[in-house]
Amino acid sequence: MQHYVEIVVAILPFLWTGFVQTFWVSLIAIVVGSVLGFLIGVVRSQRVPVFHQLFGLYIHLLRGTPFLVQLYVFYFVLPNTGIAALQWSSEMAAFVSLSVYTSSYVAEIVMGAIDAVPKGQWEAATSLGFKLVPILALVVLPQALKLTVPPMSGVYVNIIKNTAILSVIGISELTRQGEISIMRFPRDVLFIYGVIALVYFAYCYPVLRFTRWAERKVGGGTRFINLD
């Protein structure tokens, strides 16, 4: 037991550094990806032919390919185009790729939630003289956003876990720092990976609990506004 305590004490500074990096990368990806996905989901829900098809291709391409491949495209392929704006550092490639990946899932959730709002709500608001933007802002989105709370927890936890892949482009996140720690204690690989798993769990579990709480508060008892 003393041996394992000594290992934890020795690797804790490395894991803490990795956790901080994981936290910021995942936080930025969740915030930026959610905003981008929300906008795409709202636009796509209106079924404007060109935008609907274009964003549909965007979503299916991102959701239908591994995140590792997308990461390589952002880090290795795009900089080789010679475009100055695409000459990203590893950190920028990580932020952009993970944010774009997040947006594809959020967009589908938002569009599905908007589609779930009864058509009668749209018709009633239209009959009252509301235009498209006020209908979305005042009638549809307040109801639709409540429906997005439950599935968002799974998306956000998945994004947090996907930060482990960023180690392949040199990001010193939690998994990468764990691998560095393993070099110091090569005989305790299983134990160190177990500690890393516990750190991920300690990060993901509060996210799940928070979304469950939010679901009970705003998502569990969703009632549609009666405009009929």
Side-chain angles (χ1 to χ4, degrees), residues 25-71 73-74 95-163 204 207-208 210-228:
V25 171
S26 60
L27 180 63
I28 292 174
I30 288 172
V31 172
V32 176
S34 295
V35 173
L36 180 59
F38 172 79
L39 295 175
I40 293 174
V42 171
V43 172
R44 193 159 183 254
S45 69
Q46 301 310 300
R47 302 301 196 280
V48 178
V50 176
F51 290 107
H52 183 74
Q53 295 170 359
L54 182 62
F55 286 136
L57 177 62
Y58 169 90
I59 291 171
H60 294 309
L61 183 63
L62 290 171
R63 296 186 64 179
T65 57
F67 173 66
L68 179 60
V69 174
Q70 299 171 28
L71 180 62
V73 169
F74 278 98
F95 291 141
V96 174
S97 61
L98 200 57
S99 297
V100 169
Y101 180 74
T102 303
S103 70
S104 65
Y105 285 88
V106 174
E108 282 289 87
I109 292 173
V110 171
M111 188 184 74
I114 292 175
D115 289 344
V117 176
K119 298 301 180 183
Q121 300 288 300
W122 291 86
E123 296 169 356
T126 302
S127 66
L128 292 175
F130 286 89
K131 301 299 183 181
L132 175 60
V133 174
I135 291 176
L136 283 171
L138 301 177
V139 179
V140 176
L141 287 179
Q143 301 173 72
L145 289 179
K146 294 180 180 181
L147 302 176
T148 67
V149 175
M152 283 297 187
S153 62
V155 172
Y156 292 157
V157 169
N158 184 51
I159 297 307
I160 293 171
K161 293 186 292 185
N162 274 338
T163 58
C204 294
V207 175
L208 290 171
F210 174 77
T211 52
R212 291 289 177 85
W213 173 84
E215 180 182 352
R216 291 195 300 269
K217 291 295 183 179
V218 301
T222 301
R223 292 185 177 88
F224 295 110
I225 301 172
N226 185 8
L227 295 178
D228 297 325

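Since the structure is predicted, the reported quantities are computational estimates derived from the model, not experimental observations.
- Rounded to the nearest 0.5 Å, atoms CD (Glu108) and CD1 (Ile40) are 10.5 Å apart.
- Met152 is not listed as a side-chain neighbour of Ile30, based on a closest heavy-atom distance of 4.5 Å or more.
- No side-chain donor-acceptor contact under 3.5 Å links Gln70 to the backbone of Ser97.
- The side-chain contact (heavy atoms from CB on, under 4.5 Å) test with Val140 singles out one residue from Val42, Ile114, Leu132, and that residue is Ile114.
- The structure places CD of Gln121 at 11.5 Å from NZ of Lys119, a figure rounded to the nearest 0.5 Å.
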> Which is it for Tyr101 and Asn158 under the side chain to side chain contact (heavy atoms under 4.5 Å, CB included) test, yes or no, and what are the steps along the way?
Replying inline: CA-CA 11 Å; Tyr101 180 74; Asn158 184 51; 3.7 Å; yes
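- Nearest heavy-atom pair, Thr211 versus Val149, reported as atom, atom and distance to 0.1 Å: O-CG1, 3.8 Å.
- For the atom pair Gln53 CD and Arg47 CZ, the distance stands at 12.0 Å (nearest 0.5 Å).
- Considering every non-hydrogen atom in both Ile160 and Cys204, the closest pair reads CG2-SG, 3.7 Å.
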>> Set out, in order, the CA-CA distance, both residues' side-chain angles and the distance that settles side chain to side chain contact (heavy atoms under 4.5 Å, CB included) for Phe95 and Val32, then state yes or no.
In response: CA-CA 9 Å; Phe95 291 141; Val32 176; over 6 Å; no
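- At least one side-chain heavy atom of Phe67 sits less than 4.5 Å from a side-chain heavy atom of Leu98.
- The two residues Ala113 and Leu147 come nearest to each other via the heavy atoms O-CD1, 3.8 Å.
- The two residues Ser99 and Ala29 make their nearest non-hydrogen contact at OG-CA, 3.3 Å.
- The two atoms that bring Arg63 and Ser104 nearest to each other are CG-OG, 3.6 Å, heavy atoms only.
- The shortest distance between side-chain heavy atoms of Pro151 and Tyr105 does not fall below 4.5 Å.
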> Please walk me through it: do Thr148 and Phe38 pass side chain to side chain contact (heavy atoms under 4.5 Å, CB included)?
Replying inline: CA-CA 10 Å; Thr148 67; Phe38 172 79; over 6 Å; no
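- The OG atom of Ser26 lies 9.0 Å from the CD1 atom of Ile159; values are rounded to the nearest 0.5 Å.
- Considering CG of Leu128 and CD1 of Ile135, their distance stands at 9.0 Å, rounded to 0.5 Å.
- Taking both residues in full, the closest heavy atoms of Pro142 and Leu136 are given as CD-O, 3.8 Å, listed atom of the first, atom of the second, then distance.
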>> Walk me through whether Val139 and Trp122 qualify under side chain to side chain contact (heavy atoms under 4.5 Å, CB included).
In response: CA-CA 8 Å; Val139 179; Trp122 291 86; over 6 Å; no
